[in-house]
Structures are given as structure tokens and as C-alpha cells.
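Would you mind keeping the following structure in view while I ask a few things?
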Number of protein chains: 2
Amino acid sequence: MTQELFARYSFLLDRTARKVKQYAQQQFKTGEFDVTVDQWLVLKNLSENELLSQTELAGLVFKDNPTLTRIIDLLCKKGYVDRVPHPQDRRSFQLHLTESGLAKVNELRPKILEIREKAWENLNERDFDEFKRILNTIYQNLDGQVIET
Amino acid sequence: MTQELFARYSFLLDRTARKVKQYAQQQFKTGEFDVTVDQWLVLKNLSENELLSQTELAGLVFKDNPTLTRIIDLLCKKGYVDRVPHPQDRRSFQLHLTESGLAKVNELRPKILEIREKAWENLNERDFDEFKRILNTIYQNLDGQVIET
DNA sequence: TGCATATATTTGTCACACTAACTATTGGTA
DNA sequence: TACCAATAGTTAGTGTGACAAATATATGCA
């Protein structure tokens, strides 16, 4: 196999992932969304799953614990999330979206879907399926674990 | 279009890009390569293009100038790169790979190609072409500029 | 010549990723 | 019961990424 050529995937992948994040973040900023792209991901998952612990949430969004700790810190400071002590396990918290956090999610959700669409101009549903398949295969190749879509 | 579904691409893309970088970095570490993944990218490009300015190099690797400044700082500290004052333009440097830097590139290149291969298990050349095409389309959609492969 | 504007690089700030080390707590088990 | 391994979360250190602002130098043009 054309090793040199294939090795470029890592460069293209990294470059595109950064562009996608940067584009979204820019839109977030001009729209004064008051959250970052990663903070949004966390908020969104919290709105779909109440009472998660930080570790559970970290698993959902595929971030490590230290990263999640800091994102939650910021979201608490902004008043979108509360850390509620777990009733049985004093090591752990149940994450709770505040009213303000829920309002934020509902406000942003449609706007963000619109932002996300821009990437798919000139691409169709088959491209999307292919893309998803390849991304997930790469992920699995390097992770050695089974993942769901 | 199934907006919600399509919007997942950003998550999958980000997750996979991080996994790819993390996997490589881990291999770099156990192999005691003495550089990070991004530092490697910079070294590699320097080995293929002598006498670049920082801005030119930044364009090649798609990093912004401040980021590149810091990466070059580290590579200088490690003795792999020198900043040579530009003979005509006193604002600018010509980046020069030291002997040690060149040796490092030659030492690492084959090892890194091997590491990069792992991602492509169960995938073929057509997948690679598709992947490249989609990544580049997304990039262009969000960038508005023409890019070469 | 003399100034306005553009360019190359650096610095500062905030956010995120990954690792390692650390605290507090839990739960099983000898 | 006393211990010990596992778990939840945090802190610290380093590297990277984006953006804005600062500095130094170049260049074009009146």
C-alpha cells in the first residue's frame, strides 16, 4: 500500500476536525451563545439524560474525567448546571441541568443544527453513511473496543 | 434531511480525530520519540522544504502563527531546529533543520508510517479516496477557499 | 523624506486533551 | 473488623488551538 499517501489521513482528519470546530465556535461567538462547542455537547447530553454522574457523562461524550471536571466547572459558574451530591455515594455527583440551562439548550438546539448543516453542502446521505462507517472503523481499529453508532 | 442525525458528524469527527492523535502520541511515547505528534508534523515538513519562514510553514501545516511559534520554540530547545535570521527581511526567520533534527526525521519516518497504518485495517484504497474526498469537501464548505489534495 | 499601511513574529488569555498523582469514599474479603 | 483494591472526582503540568493585541520591520506613495 502507498504508505506515504495513506499516512496523510491523519493530517486531513485533524485539519478538518479543527476547521469544523473552529467554524462552529465562530458562529457560536457571533450569535453570542455564551458557551463553547464542547460545553454545548455536554449541555445537550445532560438535557437528554438526567442525573448522570460525571464519569457516566464523560463516557457519553468521550472526554476524560479531568476535561469534564473543568467543563462542568465552567457550566456551573455560568449557572447552567448544578452538582447535586449523590444520595448514596458521597464520592459522586448527580449532574442537574438548571432551568436556565434547559432554556439555553432549547434556545440553541435549532440554531446549531443549522450551523452543522453547512458542512454537508455538495454531499449526500450516502456520503454521510460512508463517512460515518470509515470514522467508526478507524476509531475501532485504534481503540480495540466495540462502539455503537 | 435528517438534521439531528447529520449533525452527529461533528461529534464522530472530533472523537475520531482525537483518538487518532492520542493513539499516535501513545506510540510516540512508548517508543521514546522525544517529540509530540504536532512537532513531528512540523519536523517532517521542514525536512521536505528548506529555508521556510514561519508563516510559510504555518500555511503548510495549517496551524496559526502563534501555535507555530510555540512549536518551533520547543523544537529549538530540543536542538532539532534553528531560527536563522532572514538575510533580507529582519522581521523574519529561515527555519533550518539541524543535523540532529534531520537524523530524528530519518529515524522516525518509517516507524511513524507503521503506526499510521493501523487505522486502515479493514479498509481499502477506495475507502481512503472516499474519506479524503469527503474530508476535503467539508473543509472547503466551511472555509470557502480552494485547497489542493 | 515621511507617514500610512501591511507583514512577520511574539505575547497573553482562555479552553481543551492527556497523563500522572492525589483525596475521599466504597465495597469486598480475610 | 480491619484492610485493601477499586472507583469518583480533582489538581497539576505540558502541549496545542483560537483569537486579540503588541512589537518590529518593510513597503508604497504622497
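So that the names make sense, note that chain A is the first sequence line, chain B the second, and so on, each numbered from 1. None of these values were measured; they are calculated from a predicted model.
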Do Lys78(B) and Gln39(B) get their side chains close enough for a donor-acceptor pair, meaning under 3.5 Å?
yes
Between atom CG in Asp73(B) and atom P in dG12(C), what is the gap in whole Å?
12 Å
Can you find a side chain N or O atom of Lys63(A) that sits less than 4.0 Å from OP1 or OP2 on dA17(C)?
yes
Check the distance between dA17(C)'s C1' and Asp14(A)'s CG and give it to me in whole angstrom.
12 Å
Counting only side-chain heavy atoms from C-beta out, which of dC18(C), dG9(D), dG17(D) sits nearest to Gln54(A)?
dG9(D)
Which nucleotide, dT16(D), dG9(D), dT9(C), lies nearest any side-chain atom of Ser92(A)?
dG9(D)
Closest listed nucleotide, where the reference is the side chain of Thr69(A) and the choices are dT10(D), dA17(C), dT10(C)
dT10(D)
Donor + acceptor pair across side chains of Gln54(A), Arg83(A) (<3.5 Å)
yes
Is it the case that Arg15(A) places NZ or CZ above or below the six-membered ring of Tyr139(B), under 6.0 angstrom from the centre and within 45 degrees of the axis?
yes
For DNA chain D, whose closest nucleotide is more 5', that of Phe93(A) or that of Thr36(B)?
Phe93(A)
Are the aromatic ring centres of Trp120(B) and Phe128(B) under 6.0 angstrom apart?
yes
From CZ of Arg18(B) over to C1' of dA15(C), roughly how many Å is that when rounded to an integer?
13 Å
Any N/O donor-acceptor pair, Arg70(A) side-chain to dA12(D) base, under 3.5 Å
yes
Using a heavy-atom cut-off of under 4.0 Å over every strand shown, decide if Ile71(A) touches base, sugar-phosphate, or nothing.
sugar-phosphate
So what does Asp38(A) touch, heavy atoms closer than 4.0 Å: a base, only the sugar-phosphate, or nothing?
sugar-phosphate
Taking the minimum atom-to-atom distance to the side chain of Asp89(B), which one of dT25(C), dG17(D), dT25(D) wins?
dT25(D)
When you measure from the side chain of Leu74(B), which nucleotide among dT16(D), dA17(C), dT10(C) comes out closest?
dT16(D)
Rounded to whole Å, please give me the gap between CG in Leu52(B) and P in dA8(C).
13 Å
Counting side-chain heavy atoms from CB outward, which of dC19(D), dT10(C), dT10(D) is closest to Gln22(A)?
dC19(D)
What is the distance, to the nearest angstrom, from the CG atom on Leu95(A) to the P atom on dT10(D)?
9 Å
Using a 4.0 Å heavy-atom cut-off across all strands, classify Gln39(A) as base, sugar-phosphate, or nothing.
sugar-phosphate
Side-chain contact check for Pro66(B): nearest option of dG12(C), dG17(D), dT19(C) is dG12(C)
If I take atom OH in residue Tyr23(A) and atom C1' in nucleotide dC19(D), what distance separates them, rounded to the nearest angstrom?
18 Å
Count the heavy atoms of every other residue, nucleotide or ligand shown that sit under 6.0 Å from CD of Glu99(A), and state whether that count exceeds 12.
no
Using a cut-off of strictly less than 4.0 Å, decide whether Arg90(B) has a side-chain nitrogen or oxygen near OP1 or OP2 of dA26(D).
yes
With the side chain defined as heavy atoms from C-beta on, Arg91(A) is closest, among dT26(C), dA15(C), dT10(D), to dT26(C)
Just to confirm, is there a sub-4.0 Å distance from OP1 or OP2 of dA20(C) to any side-chain nitrogen or oxygen of Lys29(B)?
yes
Select one nucleotide: of dT10(C), dT19(C), dA8(C), the one nearest the side-chain heavy atoms of Thr55(B).
dA8(C)
Distance check needed: dA8(D) P versus Leu57(A) CG, whole Å only.
13 Å
Does Gln88(B) reach a base, just sugar-phosphate, or nothing at all? Heavy atoms under 4.0 Å.
sugar-phosphate
Comparing nearest nucleotides in DNA chain C, the 5'-proximal residue of the pair Lys21(A), Ser53(B) is Ser53(B)
Test Tyr80(B) against every option in Leu74(B), Val35(B), Val105(B) by the side chain to side chain contact (heavy atoms under 4.5 Å, CB included) rule and name the one that passes.
Val35(B)
Rounded interatomic separation in angstrom, taking CZ from Phe62(B) and P from dA18(D):
12 Å
